[in-house]
Amino acid sequence: MSRTALVIGGGIAGPATAMALQQAGIEPTIYEAYPEGADGAGVFLTLGSNGIDALAAIGADRRATADGFATPEIILRSAKGKLLGISKVSAANGAPSRTLRRADLYRALYEEAAGRGIPIHHGRRLVSAEQSDTDVRATFSDGTTATGDLLIGCDGVHSTVRGAVDPLAPAAAYAGLISLGGYTRGARVDGEPGSYTMIFGRRAFFGYAVAPDREVWWFVNLPRAAEPDRGELAPITGEQWLRTLIDAFKDDAGPAVRILEATPVEQVMKASPVHLLKRLPTWHRGRMIVLGDAAHAPSPSSGQGASLAVEDAVILGRCLRDAPSHTAAFDRFVELRRPRVEKIVKQAARINNSKAAGPVGRLFLDAFMPLILRAAAKSAYTEEVYGHRLTDEPAAAR
């Protein structure tokens, strides 16, 4: 049986996977590329009911969900302010989905893993991995190496492990959107604490949530056809972004401009291009495997990136616990996970295409989105996604 594992990546998937492996009797060690941890990255996210259930399976739900607030549904509006409908984003029975700062979730999972005695090494960016019949050896950018029975790639959409597993693996594809967001206490908006609204604007997509203390959390998906070069967005200041975004939403109904004008420049978070990974042919080879965004990166429209990564972690741990070999465990893991994640990725891609519709597309949204949302409310899809319980998973084959 495999006894040690090198877990590459210390964001969300990494600590969750390490805790699931430890539960399965495997000794994990986390290697994180950031020198001080990954908790400064990103703005906020929604952890679905299914993600909370998955965290509960490894006993990490209380710490991880202590911050943030419940957001069981999302109100959708058009650029003219028309109510398009309400989308349920929580299970009918179970914990409601919660919106929380990405940094808070990173920190909570990091502290939970560290508190369980799991070693975490920072400043270890993976350069290469080589495997033999008995182990796998990782080499990092600082010149250090590490050896374990298994190597688990939790290193995100631009995964290095993915290329080590399959040199011909597709790279993540640019989605044509720039994502950024921020926080403000200076804007009064309609909506009770915990309300979440998304607006299909004329030039960009705007979302905002009202925290219990009335602070407004907002994000923008700004269309841009050409993919930014590496580092191109970094020099753009918060003040510059606010000017750009105010101009993008100036002709739209709703509070976007008011929220942006009230946002302090220091509360504008870093912008980043959105990348997707719709289908990865090969998830594992030998003693190496990828999961989370390294294996399947849905658009942010899914609201499921973090939740699916935690589900992956739990199921991989169970497969390694129950299967007769790591090869059998990896095969079983892919068998269990691929159909679910690829269905969600595909559905999210459809929504992503509507985030900055042209004039004709906006007419379609105004006319048909209410019908689509009403049909979705009657379908089983929402419950299939958010009501997913890991206790319902078939046991890994022994």
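We're numbering straight along the sequence, starting at 1.
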In this structure, CG of Leu100 is separated from OG1 of Thr71 (nearest 0.5 Å) by 9.0 Å
Do Thr46 and Ser97 have side-chain atoms, one donor and one acceptor, less than 3.5 Å apart?
no
Using side-chain hydrogen bond (donor to acceptor under 3.5 Å, both in side chains), reason through Trp218 and Thr263 one step at a time and then give a plain yes or no.
CA-CA 10 Å; Trp218 60 266; Thr263 300; 3.0 Å; yes
Is a salt bridge present between Asp142 and Arg125, judged by a nitrogen-to-oxygen distance below 4.0 Å?
no
With a 4.5 Å heavy-atom cut-off, do Ile152 and Leu6 have their side chains touching?
no
Is it the case that the side chains of Asp135 and Ser132 hold a donor-acceptor pair, with the cut-off being a distance below 3.5 Å and no angle test?
yes
Given side chains that start at C-beta, do those of Leu45 and Ile12 come closer than 4.5 Å, heavy atoms only?
yes
Apply the test side-chain contact (heavy atoms from CB on, under 4.5 Å) to residues Val345 and Ser302: give CA-CA distance (whole Å), side-chain angles for both, the deciding distance (0.1 Å), then the verdict.
CA-CA 7 Å; Val345 168; Ser302 72; over 6 Å; no
Note: Glu112-Arg62 ion pair, threshold 4.0 Å (strictly below):
no
Rounded distance (nearest 0.5 Å) linking atom CG of Leu47 with atom CD of Gln304:
8.5 Å
So, Arg340 and Glu311, do they make that salt bridge, N to O below 4.0 Å?
yes
Any side-chain heavy atom of Arg214 sitting closer than 4.5 Å to one from Arg185?
no
Same cluster or not: are Val265 and Trp241 linked, directly or through other Ile, Leu, Val, Met, Phe, Trp or Tyr residues, by side-chain heavy atoms under 4.5 angstrom apart?
yes
Verify, without hydrogens or angle tests, whether Gln267 (side chain) and Pro264 (backbone) share a donor-acceptor contact under 3.5 angstrom.
no
Please assess Val127 against Thr160 for the test side-chain contact (heavy atoms from CB on, under 4.5 Å), listing each intermediate value before the final yes or no.
CA-CA 7 Å; Val127 173; Thr160 299; over 6 Å; no
Show the nearest heavy-atom pair for residues Ala169 and Leu280, with the distance to one decimal.
CB-CD1, 3.9 Å
Provide the closest heavy-atom pair for Ala262 versus Thr184 in the form atom of the first, atom of the second, distance.
O-OG1, 2.7 Å
From NE2 (His388) to CG (Leu308), nearest 0.5 Å:
9.0 Å
Report the distance from atom CE of Met269 to atom CG of Leu180, rounding to the nearest 0.5 Å.
10.0 Å
Would you say that His275 contacts Glu227 through its side chain, given a criterion of any heavy-atom pair below 4.5 Å between the two side chains?
yes
Just checking, any donor-acceptor pair under 3.5 angstrom between side chains of Thr65 and Asp61?
no
Salt bridge or not for Glu335 and Arg332, using N-O below 4.0 Å?
yes
Has Ser49 got a side-chain atom pairing as donor or acceptor with Ala95's backbone, closer than 3.5 angstrom?
yes
Smallest heavy-atom separation, Ser307 atom then Gly48 atom, equals OG-N, 2.9 Å
Can you confirm whether Asn93 is buried at CG, in the sense that more than 12 heavy atoms of other residues, nucleotides or ligands lie under 6.0 Å from that atom?
no
Tell me yes or no: between the side chains of His158 and Asp293, is some donor less than 3.5 Å from an acceptor?
no
Closer than 3.5 angstrom, by distance alone: can the side chain of Arg285 be matched with the main-chain N or O of Val165 as a donor-acceptor pair?
yes
Under a 4.0 Å threshold between the charged nitrogen and the carboxylate oxygen, would Asp312 count as salt-bridged to Arg337?
yes
If we only count heavy atoms from C-beta on, is the Pro170 to Pro281 side-chain gap below 4.5 Å?
yes
Exercise: identify the closest heavy-atom pair between Pro223 and Arg203
CD-O, 3.1 Å
Please work out which of the three classes, parallel, tilted or perpendicular, describes the rings of Tyr31 and His121, given edges at 30° and 60°.
parallel
Would you indicate whether the side-chain heavy atoms of Phe69 and Pro193 approach each other to under 4.5 Å?
no
Any chance you could lay out the salt bridge (Lys or Arg N to Asp or Glu O under 4.0 Å) test for Arg243 and Glu239, step after step, and finish with the verdict?
CA-CA 6 Å; Arg243 287 201 300 267; Glu239 183 178 6; 3.5 Å; yes
Is atom CD of Glu130 surrounded by more than 12 heavy atoms (other residues, nucleotides or ligands) closer than 6.0 Å?
no
Should the pair Glu111-Arg107 be classified as a salt bridge under the 4.0 Å nitrogen-to-oxygen rule?
no
Look at atom CD of Gln22 and say whether more than 12 heavy atoms of other residues, nucleotides or ligands are closer to it than 6.0 Å.
yes
Are Ile178 and Val157 linked, directly or through other ILVMFWY residues, by side chains that come within less than 4.5 angstrom of each other?
no
Side chain to side chain, Phe333 and Trp283, heavy atoms closer than 4.5 Å:
yes
Within a strict 4.5 Å, meaning less than it, do heavy atoms of the Asp149 and Val136 side chains meet?
no
Full working for side-chain contact (heavy atoms from CB on, under 4.5 Å) between Val220 and Phe205
CA-CA 6 Å; Val220 171; Phe205 186 84; over 6 Å; no
With a 4.0 Å cut-off on N to O distance, would you call Glu32 and Arg124 a salt bridge?
no
Do side-chain atoms of Thr144 reach the backbone of Phe140 as a donor and acceptor pair under 3.5 angstrom?
no
Arg224/Glu232 under salt bridge (Lys or Arg N to Asp or Glu O under 4.0 Å): CA gap, chis, key distance, verdict:
CA-CA 13 Å; Arg224 172 173 160 167; Glu232 181 182 343; 2.9 Å; yes
If only atom types and distance count, is the side chain of Glu342 paired as donor or acceptor with the main-chain N or O of Lys278 below 3.5 Å?
no
Considering all heavy atoms of both residues, which atom of Asn221 and which atom of Ala204 are nearest to each other, and what is their separation?
O-CB, 3.5 Å
Check the surroundings of atom CZ in Arg279: do more than 12 heavy atoms from other residues, nucleotides or ligands lie under 6.0 Å from it?
yes
Just by distance, do the side chain of Gln23 and the backbone of Ala57 share a donor-acceptor pair under 3.5 Å?
yes
Report yes or no: do Glu192 and Ser195 form a side-chain donor-acceptor pair below 3.5 Å?
no
Plane angle bin for Tyr196 and Phe44 - parallel if under 30°, tilted between 30 and 60°, otherwise perpendicular
tilted
Could you go step by step and tell me if Thr147 and Thr4 meet the side-chain contact (heavy atoms from CB on, under 4.5 Å) rule?
CA-CA 9 Å; Thr147 302; Thr4 61; over 6 Å; no
Does Arg101 qualify as a cation-pi partner of Tyr183, given the criterion of NZ or CZ under 6.0 Å from the six-membered ring centre and within 45 degrees of its axis?
yes
Return the orientation label for the His326 and Phe330 ring planes: parallel under 30°, perpendicular over 60°, tilted otherwise.
perpendicular
Among Lys82, Arg202, Lys80, salt bridge (Lys or Arg N to Asp or Glu O under 4.0 Å) partner for Asp252
Arg202
Would the distance check show the side chain of Arg102 and the main-chain N or O of Val43 forming a donor-acceptor pair, the cut-off being under 3.5 Å?
no
If you look at every heavy atom in Asn50 and Val385, which pair is closest and at what distance?
CG-O, 3.4 Å
At what distance, to the nearest 0.5 angstrom, does OG1 of Thr244 lie from CD1 of Ile236?
7.0 Å
